[in-house]
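None of the values given here were measured: they were computed from a predicted structure. Lettering follows sequence order; numbering is per chain, from 1. Only this structure's heavy atoms are used, side chains among them; waters, hydrogens and symmetry mates stay out.
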Amino acid sequence: MYISLCEQVAKVLKEYTGREDVLLVDGGEHADLASTVAFAMAKEKRMAPAQIAKEITDGISDRLSKELSVRTEPYCANVLKAAVKPGYGSLPNKSERVVLEHTSANPNGPLHVGHIRNTIIGDTLARCFRKAGYPLEVEYYVNDMGRQIAIVAWGIDRQHADVYGEGKGDHLIADVYIEANKHLTADPSLTEEIDALMQKVEAGDEEIISRFKGPVRRCLEGFKETLAELHAHHDRFVYESDFVRNGDTSKILGHIGHMPESVHEETLALDLSKYGFEKKYILRRSDGTSVYAARDIAFHIWKGHNFDRVIDVLGADHKLIGRQLQATMDLLGENGPEIVFFEFVSLPEGSMSTRRGTFISADELIEEAGRRAMEEVTARRPELDEDARRIIAKGVAAAAIRYDIVKTIPEKSTVFDWKEALDFEKQSGPYIQYAHARACSILEKAGDFPYCYEIEGDGEIALAKKIARFPKVIDQVVTELKPHLLAIYARELADIFGSFYHAEPVLKAQGSVRDRRLTLVEATRNTLKEALETLGIDALRAM
RNA sequence: GGACCUGUGGCUUAGCCUGGAUAUAGCGUCGGGCUUCUAACCCGAAUGUCGGGGGUUCGAAUCCCCCCAGGUCCGCCA
């Protein structure tokens, strides 16, 4: 409704003014929709913008009210009819195939609170793409042959570590990795042993390859548990080593070697200066092995051939190499990735590092959030049995974590704060869940009622207008790749519902007033549910 | 030294790409509201040189330039 209304108003405005730049913007409090066209016309017509605006509105108001439902009531009625249906906000199916890569942390230790910013941005985007009707595949790119994993394999041997015993694999691997790095720092000559391992892996040495594979698999087992707790899902785990084994990497390096931009010294590199990069982009070491960047090119060529739109979620530390990759794909005439970058999460005492062991793991955060949520549920709903409370607490914990992370724009670096991460009030996931649970509670008590799509009063209209915007928000998230817009939208919808809830009695209203408010509550509940699920948050029916 | 991102009431934060009406919300503070649909809530108040300085414009938090502060990167690591 809202989307088609925007399009229709824009069409009328374009036809009337004869201009293309009628850009419709949010009208704020004074209007539902606004156009800046009058300001643009002011200069050439040498008239005050306000006067031009008045002439335009006088000229088109007839058409708008005749041809479109710009009058509030019929518009709201149409909105509500759509919003009470399951799946509200879903957009028409598209044929454009999308591949989205997120998380892709190195398998050398557990996911920490920095990694899951990637996970949550990525998974929320993925849910929005599905909601927007795109066929989508979500991938995790597993670095199973880099230096880090060589260090893990080396450390396991040297420390006689048992990473297959009791405990979560990713944490056991981290212990080995941290210890191994201490040894390497103490005696830098040991790095030769790491280099030797990497050369053997690239050469296809089966024994060394299997020494790498085990810990990688063990670490991924741990990741998958953590990701499931966060409601994040990958359709496919793609292994970096596959692009060496299948020959794609050497094939592309061969091709690049013949390009005019290639630089042959001891290494093979690309000169990307025409894209504004000062540094050469090194792809093959002097010992003949490929670097990460080369395998990444092979991986992205594969993605570009199999999908129409390629999206990566990457940390700010990948900005340079990500842009070099984009430039290289352009040079090769391949379908390159769009990249969503997010800035770092640090701790009050400094930056996080798996190598140094200075991080808060996602598992710690999930556990602590679950404990706090259980306390809270037990205090509020002592009459519920433990299983019921536990289900609610798990949903609340994941909601608090996901929302706390997705609500902030990715460009802003943040400092992890337990207090904020575990906040269950206002501007939090649980707050939005609570609004949904309240709506459920009303509807459950109401029993059957006939839908009534009338609307009256500022409170009801404000709610209906907000509901109307949901599909547009989904569309905006996938075109602008900004999942935080959905987070903010859901919170604002919950805010407006909160005010409505306190101002307008529903169950106590009589006759058609009761029916229309119940219909509005149902539309709100359904919209909140769809929004929450698209955020990867459980739409709890009771809290 | 160079590149990118960020800087908005005491704290956290939206708006910036695409300039337009009194700059968004939360926390905290202060004052109200549970015999009434779940108070994880609601209503009201106070709190702002939109980091600083120039410029463009009828109009700048938003665009351009310079400076300051924080983060990230500049490896034959990933």
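- At B:U12, none of the side-chain N or O atoms of A:Lys407 fall inside 4.0 Å of OP1 or OP2 (strictly under the cut-off).
- Cation-pi check for A:Arg469 over A:Tyr489 is not met; the charged atom does not lie both under 6.0 angstrom from the ring centroid and within 45 degrees of its normal.
- A side-chain donor-acceptor contact under 3.5 Å links A:Glu193 and A:Trp154.
- The phosphate of B:G7 (OP1 or OP2) has a side-chain N or O of A:Lys412 nearer than 4.0 angstrom.
- When heavy atoms are screened at a 4.0 angstrom cut-off, A:Val521 is found touching no nucleic acid atom at all.
- Protein atom CH2 of A:Trp418 is 22 Å distant from nucleotide atom P of B:C27, rounded to whole Å.
- For B:G75, one of the phosphate oxygens OP1 or OP2 lies less than 4.0 angstrom from a side-chain nitrogen or oxygen of A:Lys279.
- The neighbour count for A:Gln326 CD, taken as heavy atoms of other residues, nucleotides or ligands under 6.0 Å away, is above 12.
- A:Arg284 and A:Thr267 are not linked by any side-chain donor-acceptor pair at a separation below 3.5 angstrom, with hydrogens and angles left out of the test.
- Cation-pi contact between A:Arg438 and A:Phe497: absent, since separation from the ring centre below 6.0 Å together with deviation from the ring axis within 45° is not met.
- Side-chain nitrogen and oxygen atoms of A:Arg295 include at least one within less than 4.0 Å of the OP1 or OP2 phosphate oxygen of B:A78.
- Using a 4.0 Å heavy-atom distance criterion, A:Met145 is classed as making no nucleic acid contact.
- Close to B:A78, at under 4.0 Å from its OP1 or OP2, lies a side-chain N or O of A:Arg285.
- Residue-level contact check: A:Lys482 touches the bases, meaning some heavy atom is under 4.0 Å from a base atom.
- Within the 4.0 Å cut-off from OP1 or OP2 of B:C42, at least one side-chain nitrogen or oxygen of A:Tyr431 is found.
- Of the candidates B:C73, B:C41, B:U38, B:U38 carries the atom nearest the A:Ala437 side chain, counting heavy atoms from C-beta on.
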query: Run the salt bridge (charged side-chain N to carboxylate O under 4.0 Å, His left out) check on A:Asp495 and A:Lys426 step by step: do they pass?
result: CA-CA 9 Å; A:Asp495 281 342; A:Lys426 272 285 185 185; 3.2 Å; yes
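- Side-chain nitrogen and oxygen atoms of A:Tyr489 include none within less than 4.0 Å of the OP1 or OP2 phosphate oxygen of B:A14.
- Nearest to the side-chain atoms of A:Ser351 among the listed nucleotides B:U18, B:U38, B:U72 stands B:U72.
- Shown here is A:Glu192, whose CD atom has no more than 12 heavy atoms of other residues, nucleotides or ligands within 6.0 Å.
- When the P atom is compared between B:G54 and B:G10, the two are found 23 Å apart, to the nearest whole Å.
- The listed nucleotides are B:A78, B:U12, B:G26; the one nearest the side chain of A:Tyr292 is B:A78.
- Counting any heavy atom pair closer than 4.0 Å across all strands shown, A:Ile409 reaches sugar-phosphate atoms only and no base atom.
- Under 4.0 angstrom from either OP1 or OP2 of B:U12 there lies no side-chain N or O belonging to A:Thr414.
- Between A:Arg491 and the phosphate of B:U13, there is no side-chain N or O to OP1/OP2 separation shorter than 4.0 Å.
- Using a 4.0 Å heavy-atom criterion, one finds that A:Glu266 contacts the bases of the nucleic acid, with or without backbone contacts as well.
- Atoms CD (A:Glu411) and P (B:C5) sit 9 Å apart, rounded to a whole Å.
- Counting to the nearest Å, the P atom of B:A78 and the CD1 atom of A:Ile297 are 13 Å from each other.
- Counting atom types as modelled, A:Glu425 pairs no side-chain N or O with a base atom of B:C27 as donor and acceptor under 3.5 Å.
- Nucleic acid contact class of A:Val377 (heavy atoms, under 4.0 Å, all strands): base.
- For A:His484, taking side-chain heavy atoms from C-beta onward, the closest of the listed nucleotides B:C37, B:G15, B:A78 is B:G15.
- Of the listed nucleotides (B:G15, B:C4, B:A78), B:C4 has the atom at the smallest distance from the side chain of A:Lys319.
- Across all strands shown, A:Ala503 has no heavy atoms under 4.0 Å from either base or sugar-phosphate atoms.
- Using a 4.0 Å heavy-atom criterion, one finds that A:Glu504 contacts the bases of the nucleic acid, with or without backbone contacts as well.
- In this structure, A:Val291 reaches the sugar-phosphate backbone alone: every heavy-atom distance under 4.0 Å involves primed, P, OP1 or OP2 atoms, never a base.
- Counting non-hydrogen atoms under 4.0 angstrom, A:Ser499 reaches the backbone sugars and phosphates but no base.
- Side-chain contact annotation: A:Asp423 with A:Ser428, donor-acceptor N/O pair under 3.5 Å absent.
- Of the listed nucleotides (B:U38, B:U13, B:C41), B:U13 has the atom at the smallest distance from the side chain of A:Thr408.
- At the heavy-atom level, A:Glu240 lies under 4.0 Å from the strands shown only through sugar-phosphate atoms.
- Taking the nucleotide of RNA chain B with the nearest heavy atom to each of A:Gln148 and A:Asp423, the more 5' of the two is matched to A:Asp423.
- No N or O donor and acceptor, one from the side chain of A:Ser441 and one from the base of B:C37, sit under 3.5 Å apart.
- Dashed line: the shortest gap from a side-chain N or O of A:Lys419 to OP1 or OP2 of B:C11 is not under 4.0 Å.
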